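Taking it in order: structure first as structure tokens, then the write-up.
Residues take their numbers from the sequence shown, with the count starting at 1. These numbers were taken from a predicted model, which means no experiment stands behind them.
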Amino acid sequence: MAEINVTPLVDVMLVLLIIFMVTAPMMTQGIEVDLPQTTNKSLRQEEEPLLVSINSKGEIFLGKVKVTAALLRQQLGAMPPEARKRPIYLRADRQVPYGQVVAIMDDIKQAGFTRLGMVTQPAIRKQ
């Protein structure tokens with residue numbers, strides 16, 4: 001009578017599971033943005049917001065996709081009216097000129113989004 005010993009297989013699978021569980025959070029990549037700091041508390045959200053980011057080089061991202069200002073206007077304008085009711089957040093690096101941030105805010109408003117918010121970091125209080 002021949003039986004297959006599955007104990008080594010289970011051991012290997014558990015080790016791989018642990019490895020993937022540890023490394024998966026490290027694999028997430030985002031856009032590096034040095035956010036300004038404020039003392040206000042975060043708002044609770046019922047809906048998943050749309051995210052527009054501007055990094056320190058002035059590059060614009062819609063979600064995690066790099067776009068130009070013209071393409072951002074086109075993408076936001078092409079969204080259906082029900083999608084424009086979602087909140088949209090603007091993350092701008094503190095090194096980005098104020099004029100560029102205001103121009104992107106204007107593009108978002110021109111596309112029909114009314115729920116625009118700015119993302120900041122909590123201020124570190126010095127004692």
Option among Leu116, Val96, Leu90 that satisfies the side chain to side chain contact (heavy atoms under 4.5 Å, CB included) test with Ile104: Leu90

Out of curiosity, [X] [atom1] to [Y] [atom2], how far, rounded to the nearest 0.5 Å?
X     : Y      : atom1 : atom2 : result
Leu9  : Leu14  : CG    : CG    : 9.5 Å
Ile88 : Arg115 : CD1   : CZ    : 11.5 Å
Leu72 : Asp107 : CG    : CG    : 6.0 Å

Contact check, side chains of Leu76 and Leu50, non-hydrogen atoms, under 4.5 Å: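 With C-beta onward as the side chain, the pair touches.
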
Side chain proximity check, Gln75 to Val65, heavy atoms < 4.5 angstrom: no

Arg84: salt bridge (Lys or Arg N to Asp or Glu O under 4.0 Å) partners, not counting sequence neighbours: none

Could you list the residues that satisfy side-chain contact (heavy atoms from CB on, under 4.5 Å) with [X], not counting sequence neighbours?
X      : value
Glu59  : Asn55, Lys57, Phe61, Lys66
Ala103 : none
Asn5   : Thr7, Pro8

side-chain hydrogen bond (donor to acceptor under 3.5 Å, both in side chains) against Lys109, all qualifying residues, sequence neighbours excluded: none

Qualifying residues under side-chain hydrogen bond (donor to acceptor under 3.5 Å, both in side chains), relative to Thr68, sequence neighbours excluded: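 In terms of side-chain hydrogen bond (donor to acceptor under 3.5 Å, both in side chains), with neighbours along the sequence ignored, Thr68 is linked to no residue.
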
Where [X] and [Y] come nearest, the two heavy atoms and their spacing:
X      : Y      : value
Phe113 : Met79  : CZ-SD, 3.6 Å
Ala111 : Gly77  : CB-N, 4.0 Å
Val67  : Leu71  : CG1-CD2, 3.7 Å
Gly58  : Gln100 : O-NE2, 3.0 Å

In one Ile/Leu/Val/Met/Phe/Trp/Tyr side-chain cluster, 4.5 Å: Ile108, Met118: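 Per the 4.5 Å side-chain linkage, Ile108 and Met118 are co-clustered.
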
Exceeds 12 heavy-atom contacts within 6.0 angstrom, atom CE of Met13: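 Check fails, neighbour count at 12 or below.
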
